Amino acid sequence: MQLFSPLCLYCLINSIKTYLDFNIILLANGYSDIPEEHTFTNVDEFLEPLELCYRSLCACGDRAIADGSLLDFLRQVSTFGLSLVRLDIRQESDRHTDVLDAITKHLEIGSYQEWSEEKRQQWLLSELSGKRPLFGTDLPQTEEIRDVLDTFHVIAELPSDNFGAYIISMATAPSDVLAVELLQRECHVKQPLRVVPLFEKLADLEAAPAALARLFSIDWYRNRINGKQEVMIGYSDSGKDAGRFSAAWQLYKAQEELIKVAKEFGVKLTMFHGRGGTVGRGGGPTHLAILSQPPDTIHGSLRVTVQGEVIEQSFGEQHLCFRTLQRFTAATLEHGMHPPISPKPEWRALMDQMAVIATEEYRCMVFQEPRFVEYFRLATPELEYGRMNIGSRPAKRKPSGGIETLRAIPWIFAWTQTRFHLPVWLGFGAAFKHVIDKDIRNLQMLQEMYNQWPFFRVTIDLVEMVFAKGDPGIAALYDRLLVSNDLWSFGELLRTKFEETKKLLLQVAAHKDLLEGDPYLKQRLRLRDSYITTLNVCQAYTLKRIRDPNYNVKLRPHISKEFIEISKAADELVTLNPTSEYAPGLEDTLILTMKGIAAGLQNTG
């Protein structure tokens, strides 16, 4: 047996030092004088001498030493690789289309954007089957096209174990997936990343099973994936597009159909749930969320996004991390061993009816009501949120446009700050009222669904929790201070819908009061309420002063000398952000109230 000598240990330590120096210089300067071949380029190269050291110690009778720190280190390297975590790459399908359109125009073979889906697939497959390079350095490039191609070049330059999946947001068709496969090849990615289509809007979710079936029917692609496929489904944009009720039901049905398609083609499908922290973006308790998924859609594996303040809540400390992983593991195992029941045909029919009404109500109010956009921007801190550098991404996908261009995070966050939560509940009331007015026996069926069907129960319980956190009185304060008089009646209309929906929701759940079934959460919210309300009032008046510099605030006399001393120390806060476009201290105050309200309400991201 080959043994690990002191010289080998010296070489290993020297190699690790060289690898660290290479990366430090690369990060500092954008390039490194140390040749790449003198460093570790993948995790297998790093593991090889460590495993040799482990085997050598065991062979010499020192297993107790080998099973100590060295074994821990081997496990850490195997788990985290050389990059700590694998980075998923995400880009919109339209950006890839723009790149391919520039290529086809440069080659003078037409406009890729104008081609039909069939023609796109035909051309992409012919290029994937061939070997000729499609473009060179003479390709005309806009800034957006250069950005996409530079991303692929970085993927090609770095070790493959730095990356996970390449996710295509706003995916609609097989050509979206094939386009990324072709661009990876053209940019010389040696080990192509797995390509994951992300279906987000309601129509895209409806068409997703057919799109996946067409993709699996392509021989080239089936050979490429080796019997495994990952599909991401978007909770955020589907909710913003059609409302929470219709989005939740369509996501449920889409998963059922996607699994059927995968089974038909003999493909192991992993569902990737693109959820946010708030209920409007698919958030909620982990255990219940997994157990409410359709039968046969997990099979021991799933992926879930964790983002916003939920990262801190779930993984911020060691014991929280273990508890979170235990919840995921337990729920995944339980879903496989005791699958939830499938909905009865009459339940499906009722859900389909309600989804149509809920979508109509939501879209009529959000996209067709001429007063809505102006009211939304006046009654919430959406405009100020977009100007502040406190989000992970730009507030809008495009600088112009209305609600449709606004990202889901600021859309949900703005309504949460005012305690109105409109994206979560809008549509539920109209759907319930329609089916109950149509036949009073439907109320009994809805109550039966709530008691027997985990998906429906979780959906209703989460909306009930949002109502418990809501306060239309606070929303009315924002209206009085920030909204023009001619829009006050519109705000009253929305608050009436809020109360009507809450009443119908309690009927369906057969509850007399909100959170009747969760007294612990009810007590926690009651304790937090006075603090959050104070922050809301402070935020509303801060927004008023930001938007109306002439608004005068009467300063009342100080309560005590001690308060005067504290105020002197607090005056230093005004200089925290001297570059703000607002009056001194206002932006800092607004950000602090936003953070405080988000922390108090939780699941807001």
Side-chain angles (χ1 to χ4, degrees), residues 69 71-81 83-88 164-165 232 235-236 270-293 298 300-337 390-393 408-409 412-413 416-417 421 424 454 458-459 461-462 464-466 468-469 515 517-529 531-532 535 591-605:
S69 299
L71 183 58
D72 287 343
F73 189 51
L74 276 164
R75 287 169 174 162
Q76 288 169 352
V77 173
S78 299
T79 302
F80 301 111
S83 56
L84 184 62
V85 291
R86 289 176 178 263
L87 183 68
D88 281 355
M232 189 172 181
Y235 289 69
S236 302
T270 298
M271 300 303 305
F272 187 178
H273 299 264
R275 302 155 61 88
T278 180
V279 175
R281 299 182 58 233
T286 299
H287 192 83
L288 294 176
I290 293 175
L291 293 182
S292 65
Q293 299 304 312
I298 292 181
S301 66
L302 81 162
R303 293 190 76 200
V304 180
T305 54
V306 181
Q307 47 190 294
E309 78 286 350
V310 181
I311 297 174
E312 177 94 12
Q313 294 165 11
S314 302
F315 299 98
E317 298 178 28
Q318 189 179 53
H319 73 280
L320 294 176
C321 183
F322 278 112
R323 188 187 303 167
T324 299
L325 293 174
Q326 285 171 347
R327 284 173 177 166
F328 273 105
T329 304
T332 302
L333 291 171
E334 187 177 344
H335 189 281
M337 292 186 289
I390 58 174
S392 61
R393 287 173 283 181
I409 294 175
I412 298 287
F413 189 86
T416 303
Q417 288 287 301
H421 307 285
V424 179
V458 168
T459 302
D461 284 349
L462 289 176
E464 186 178 348
M465 177 193 70
V466 167
K469 292 181 177 182
L515 296 180
D518 194 345
Y520 175 64
L521 177 59
K522 189 174 184 177
Q523 177 65 9
R524 284 166 56 200
L525 294 179
R526 186 181 291 121
L527 290 171
R528 284 186 234 151
D529 186 68
Y531 302 100
I532 302 171
L535 288 168
I591 290 175
L592 287 170
T593 60
M594 284 182 173
K595 290 181 176 179
I597 293 167
L601 293 176
Q602 298 189 357
N603 45 53
T604 62

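All of these numbers come straight from a predicted model, not from anything done at the bench.
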Report yes if the side chains of F328 and I290 come closer than 4.5 Å at any heavy-atom pair, otherwise no. yes

Kindly determine whether T305 and H273 satisfy side chain to side chain contact (heavy atoms under 4.5 Å, CB included), including the steps that lead there. CA-CA 6 Å; T305 54; H273 299 264; over 6 Å; no

How long is the straight-line distance from CG of L84 back to CD of Q76, given to the nearest 0.5 Å? 10.5 Å

Heavy-atom closest contact (L601 atom, H421 atom, distance): CD1-CE1, 4.4 Å

Check: T270 and S301 side chains under 4.5 Å, non-hydrogen atoms: yes

Given 3.5 Å as the limit, does a donor-acceptor pair link the side chain of S292 with the main chain of A289, or not? yes

Interatomic spacing from CD in E334 to OG1 in T329 - rounded to 0.5 Å: 12.5 Å

Does the distance from a Lys or Arg side-chain N to an Asp or Glu carboxylate O, for R303 and D88, drop under 4.0 Å? yes

Does some side-chain heavy atom of I591 sit less than 4.5 Å from a side-chain heavy atom of K595? yes

Test your reading of the model: is there a side-chain donor-acceptor pair from H335 to the backbone of Q293, 3.5 Å cut-off? yes

In this structure, CE of M465 is separated from CG of L525 (nearest 0.5 Å) by 8.5 Å

Is any side-chain heavy atom of M232 closer than 4.5 Å to one of M271? no

How long is the span from the OG1 atom in T324 to the NE2 atom in H287, to the nearest 0.5 Å? 13.5 Å

Rounded to the nearest 0.5 Å, the CD1 atom of I532 sits from the NZ atom of K469 at a distance of 8.0 Å

Partner set under side chain to side chain contact (heavy atoms under 4.5 Å, CB included) for R323, not counting sequence neighbours: H319, L320, R327

Value rounded to 0.5 Å, distance of OG1 in T459 from CD in E464: 12.5 Å

